[in-house]
Undergrad: 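The structure's right below; bear with me while I get my questions together.
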Amino acid sequence: GGTVRIGSAEHPFDPARDIGMVFQAPLLLKWRRILDNILLPAEILGLPMAAARERARGLMAMVGLQGYEDKYLVGGGYWPPQYSIMDGGTLEPLKIVSTRGMTVDGEYHPEPRVASIVSSEIKPEWVVNIKETGQILLVDYSDIKNLKTTTIESAKFLHDGGWDASKRYFLVAANASNKIAAVDTKLGKLAALIDTAKIPHPGRGANFVHPKFGPVWATGHLGADVVTLISTPSDNPKFKQYKQYNWKVVQEMKHVPGNLFVKTHPKSKHFWADAPQNPDKDLAESVAVWNMSDLSKPVKVINVAKDSG
């Protein structure tokens with residue numbers, strides 16, 4: 001024990017600005033973002049905020065946090081029924097938003113899961129897909145204290161999905177409903193709801209230019225022996241002749257059931273699809289490869305397990 005005395009009757013303590021306090025443990029105000037926490041003393045003292053903000057960013061760079069001062073992390077899962085918005089620098093929760101609500105059939109669901117979340121490529125917005133309700137949430141995070149959410153009805157049992165080639169449309173599988181929902185993130189509305197074969201499972205899907213139907217997006221299926229190709233819109237004038245096919249299933253490539261992921265590459269002429277959920281061991285360990293100039297049948301089936309030793 002003991003006593004610390006600051007100042008005296010002859011020399012009273014003057015709380016000058018060069019005297020501060022250091023806590024023995026980190027102390028963050030959880031309702032403030034990391035940059036705002038650093039700026040708190042400057043606000044209290046009434047310092048010029050432009051200079052203080054520049055100084056704060058410099059301090060963040062010194063400890064490896066540069067670039068995180070204006071970032072958010074959003075996450076959701078199967079339980080609890082909610083998604084969380086966190087500070088990118090501290091990972092402290094800023095908002096927790098419940099997903100409980102009505103299904104597209106008009107029934108209340110108490111525990112709908114967050115199936116997938118992606119970030120818009122064209123504006124500060126997240127696409128949050130709620131599994132059991134079939135609701136797609138467009139969450140505008142430009143003002144985190146006043147979230148604006150657009151709710152789009154699609155089909156129940158939403159799962160995963162991916163972007164079309166333009167990055168304007170997000171296509172997500174409603175797998176137990178045997179549908180693909182396409183969301184126009186520029187206009188904030190449903191662009192199409194497309195019937196497909198049983199249990200579509202795209203992963204992120206795959207984009208390429210079909211020799212007959214132009215730009216397409218592909219999804220495999222857990223419950224069907226095909227890969228479905230869906231025509232997608234394009235603003236490129238060279239693809240205008242394919243507009244008549246947009247949001248239609250233009251081809252079903254023969255495959256095997258149990259597919260999880262499909263893949264292409266801009267510099268490749270081939271299309272790849274796996275089948276890890278197939279009950280046949282050899283098929284489950286193999287990847288089928290098509291030549292994109294002729295999608296009638298695979299040019300090769302590679303048993304990855306055997307070839308890898």
Undergrad: So, Glu92 side chain and Met86 main chain: donor-acceptor pair closer than 3.5 Å or not?
TA: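 No; judged by distance alone, with no hydrogens or angles, the pair does not exist.
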Undergrad: Atom NZ of Lys248 and atom OG1 of Thr232: how far apart are they, to the nearest 0.5 Å?
TA: 14.0 Å
Undergrad: Run the side chain to side chain contact (heavy atoms under 4.5 Å, CB included) test on Lys179 and Thr196 for me, step by step, so that the C-alpha distance in whole Å, both residues' side-chain angles and the decisive distance to 0.1 Å come before the verdict.
TA: CA-CA 5 Å; Lys179 297 180 186 294; Thr196 69; 5.7 Å; no
Undergrad: Between Phe170 and Asp184, does the side chain to side chain contact (heavy atoms under 4.5 Å, CB included) criterion hold? Intermediate values first, please.
TA: CA-CA 7 Å; Phe170 183 72; Asp184 185 341; over 6 Å; no
Undergrad: Linking I/L/V/M/F/W/Y whenever any side-chain heavy atoms sit under 4.5 Å apart, do Leu94 and Leu147 land together?
TA: yes
Undergrad: Please tell me if the side chains of Lys156 and Asp105 come closer than 4.5 Å, counting only heavy atoms from C-beta onward.
TA: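 A side-chain contact under 4.5 Å exists here.
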Undergrad: Within a radius of less than 6.0 Å around CD of Glu54, do more than 12 heavy atoms belonging to other residues, nucleotides or ligands occur?
TA: no
Undergrad: Could you pull out the closest heavy-atom pair between Asn178 and Pro200, with the gap in Å?
TA: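 Nearest pair, atom of Asn178 first, then Pro200: CA-CD, 3.8 Å.
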Undergrad: Step through it carefully: locate the ring centre of Tyr242, locate the ring centre of Phe213, and say whether they are under 6.0 Å apart.
TA: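 Ring centroids of Tyr242 and Phe213 are no less than 6.0 Å from each other.
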Undergrad: Heavy-atom count around Lys189 NZ within 6.0 Å, excluding the residue itself: above 12?
TA: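 Not buried by this count: 12 neighbours or fewer within 6.0 Å.
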Undergrad: Considering non-hydrogen atoms only, spot the tightest contact between Lys186 and Arg168 and give its length.
TA: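 Looks like CB-NE, 3.6 Å.
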Undergrad: Is there a path of hydrophobic side-chain contacts, each under 4.5 Å between heavy atoms of I/L/V/M/F/W/Y residues, joining Val104 to Ile180?
TA: no
Undergrad: Search all heavy atoms of Ala197 against all heavy atoms of Val226 and return the closest pair with its distance.
TA: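 Heavy atoms of Ala197 and Val226 come nearest at CB-CG2, 3.9 Å.
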Undergrad: Are Leu39 and Met49 side-chain neighbours, meaning at least one heavy-atom pair lies under 4.5 Å?
TA: yes
Undergrad: Name all pairs fulfilling the side-chain hydrogen bond (donor to acceptor under 3.5 Å, both in side chains) condition that reach into residues 297-309, sequence neighbours left out, sorted by first residue then second.
TA: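 Qualifying pairs, neighbours excluded: none.
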Undergrad: If you round to the nearest 0.5 Å, how far is CG of Asn129 from CD of Gln135?
TA: 11.0 Å
Undergrad: Output, in order, the C-alpha distance, side-chain angles, deciding distance and verdict of side chain to side chain donor-acceptor pair (under 3.5 Å) for Lys131 and His159.
TA: CA-CA 6 Å; Lys131 193 174 188 71; His159 195 57; 3.1 Å; yes
Undergrad: Would you say that His210 contacts Leu229 through its side chain, given a criterion of any heavy-atom pair below 4.5 Å between the two side chains?
TA: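 Touching, per the 4.5 Å side-chain cut-off.
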Undergrad: Please step through side chain to side chain contact (heavy atoms under 4.5 Å, CB included) for the pair Val209 and Lys238, ending with a clear verdict.
TA: CA-CA 12 Å; Val209 178; Lys238 72 177 183 179; over 6 Å; no
Undergrad: Got a second to check how far Ile194's CD1 is from Thr219's OG1, nearest 0.5 Å?
TA: 10.5 Å
Undergrad: Would you indicate whether the side-chain heavy atoms of Leu91 and Leu73 approach each other to under 4.5 Å?
TA: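 Yes, close enough: below the 4.5 Å cut-off.
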Undergrad: Working to the nearest 0.5 Å, report the span between CD of Glu153 and OG1 of Thr103.
TA: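 Interatomic distance, Glu153 CD to Thr103 OG1, rounded to 0.5 Å: 8.5 Å.
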Undergrad: Passes side chain to side chain contact (heavy atoms under 4.5 Å, CB included), Val127 versus Thr185? Steps please.
TA: CA-CA 8 Å; Val127 183; Thr185 61; 4.1 Å; yes
Undergrad: Do Thr151 and Ile136 have side-chain heavy atoms sitting under 4.5 Å apart?
TA: no
Undergrad: Looking only at atom types and distance, does a side-chain atom of Ser120 sit under 3.5 Å from a main-chain N or O of Pro124, one as donor and one as acceptor?
TA: no
Undergrad: Can you hop from Val216 to Trp290 via hydrophobic side chains spaced under 4.5 Å?
TA: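 Cluster IDs for Val216 and Trp290 match.
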Undergrad: How about Trp126 and Tyr141: are their ring centres within less than 6.0 Å of each other?
TA: yes
Undergrad: With a 4.5 Å limit on heavy-atom distance, are the side chains of Pro202 and Trp217 in contact?
TA: yes
Undergrad: Quick check against the 3.5 Å criterion: does Lys263 have a side-chain atom that pairs as donor or acceptor with the backbone of Ala273?
TA: no
Undergrad: Ignoring hydrogens and angles, tell me if any N or O in the side chain of His109 forms a donor-acceptor pair with the backbone of Met102 under 3.5 Å.
TA: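 Here the side-chain-to-backbone pair does not exist.
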Undergrad: Which atom names give the shortest non-hydrogen contact between Ile117 and Gly76, and what distance separates them?
TA: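 Heavy atoms of Ile117 and Gly76 come nearest at CD1-N, 3.8 Å.
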Undergrad: I need the Leu137 CG to Glu125 CD distance, nearest 0.5 Å.
TA: 10.5 Å
Undergrad: Begin from the C-alpha positions of His270 and Thr264 and carry the test side chain to side chain donor-acceptor pair (under 3.5 Å) through to its verdict.
TA: CA-CA 7 Å; His270 296 98; Thr264 58; over 6 Å; no
Undergrad: Please check if Ile230 and Val227 belong to a single hydrophobic cluster, counting links between Ile, Leu, Val, Met, Phe, Trp and Tyr side chain heavy atoms closer than 4.5 Å.
TA: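 Ile230 does not cluster with Val227.
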Undergrad: Over all heavy atoms of both residues, which pair between Asn207 and Trp163 is shortest? Give the atoms and the distance, please.
TA: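 Closest heavy-atom pair between Asn207 and Trp163: ND2-O, 2.8 Å.
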Undergrad: Please check if the number of heavy atoms outside Lys167 that lie under 6.0 Å from its NZ is greater than 12.
TA: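 For Lys167, atom NZ is crowded (more than 12 foreign heavy atoms under 6.0 Å).
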Undergrad: Does some side-chain heavy atom of Val289 sit less than 4.5 Å from a side-chain heavy atom of Phe271?
TA: no
Undergrad: Going by side-chain hydrogen bond (donor to acceptor under 3.5 Å, both in side chains), name the pairs with one or both residues in residues 252-261, residues two or more places apart or in two chains.
TA: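 Residue pairs with at least one partner in residues 252-261: Asp225-Lys254, Asn259-Asp274.
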Undergrad: Could you walk me through whether Ser116 and Asp160 pass the side chain to side chain donor-acceptor pair (under 3.5 Å) check?
TA: CA-CA 6 Å; Ser116 54; Asp160 54 6; over 6 Å; no
Undergrad: For atom CZ of Arg100, decide whether the heavy atoms of other residues, nucleotides or ligands shown that lie under 6.0 angstrom number more than 12.
TA: yes
Undergrad: With sequence neighbours excluded, tell me which residues meet side chain to side chain contact (heavy atoms under 4.5 Å, CB included) with Thr99.
TA: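 Checked Thr99 against side chain to side chain contact (heavy atoms under 4.5 Å, CB included); matches are Pro81, Tyr83, Pro112, Val114, Ile130.
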Undergrad: Quick check: closest heavy atoms across Ala275 and Val256, and the distance to 0.1 Å?
TA: CB-CG2, 3.6 Å
Undergrad: Is it the case that more than 12 heavy atoms not belonging to Trp247 sit under 6.0 Å from its CH2 atom?
TA: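 Correct, the count exceeds 12.
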Undergrad: In the structure I gave you, are the side-chain heavy atoms of Leu171 and Asp164 within less than 4.5 Å of one another anywhere?
TA: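 With C-beta onward as the side chain, the pair touches.
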Undergrad: State whether a side-chain donor-acceptor pair under 3.5 Å links Ser234 with Asn236.
TA: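 Note: Ser234 and Asn236 side chains miss the donor-acceptor criterion.
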Undergrad: Answer yes if Val118 and Val139 sit in the same cluster of Ile, Leu, Val, Met, Phe, Trp and Tyr residues linked by side chain heavy atoms under 4.5 Å apart, and no otherwise.
TA: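 Looking at the clustering, Val139 is in a separate group from Val118.
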Undergrad: Counting neighbours of CG on Asp143 that are heavy atoms of other residues, nucleotides or ligands and sit closer than 6.0 Å, is the number greater than 12?
TA: yes
Undergrad: After noting the C-alpha distance and the side-chain angles of Asp140 and Ser142, does the key distance pass the side chain to side chain donor-acceptor pair (under 3.5 Å) rule?
TA: CA-CA 6 Å; Asp140 180 348; Ser142 58; 2.7 Å; yes
Undergrad: Which value, rounded to the nearest 0.5 Å, describes the distance between Asn291 atom CG and Leu295 atom CG?
TA: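 Answer rounded to 0.5 Å: 8.0 Å.
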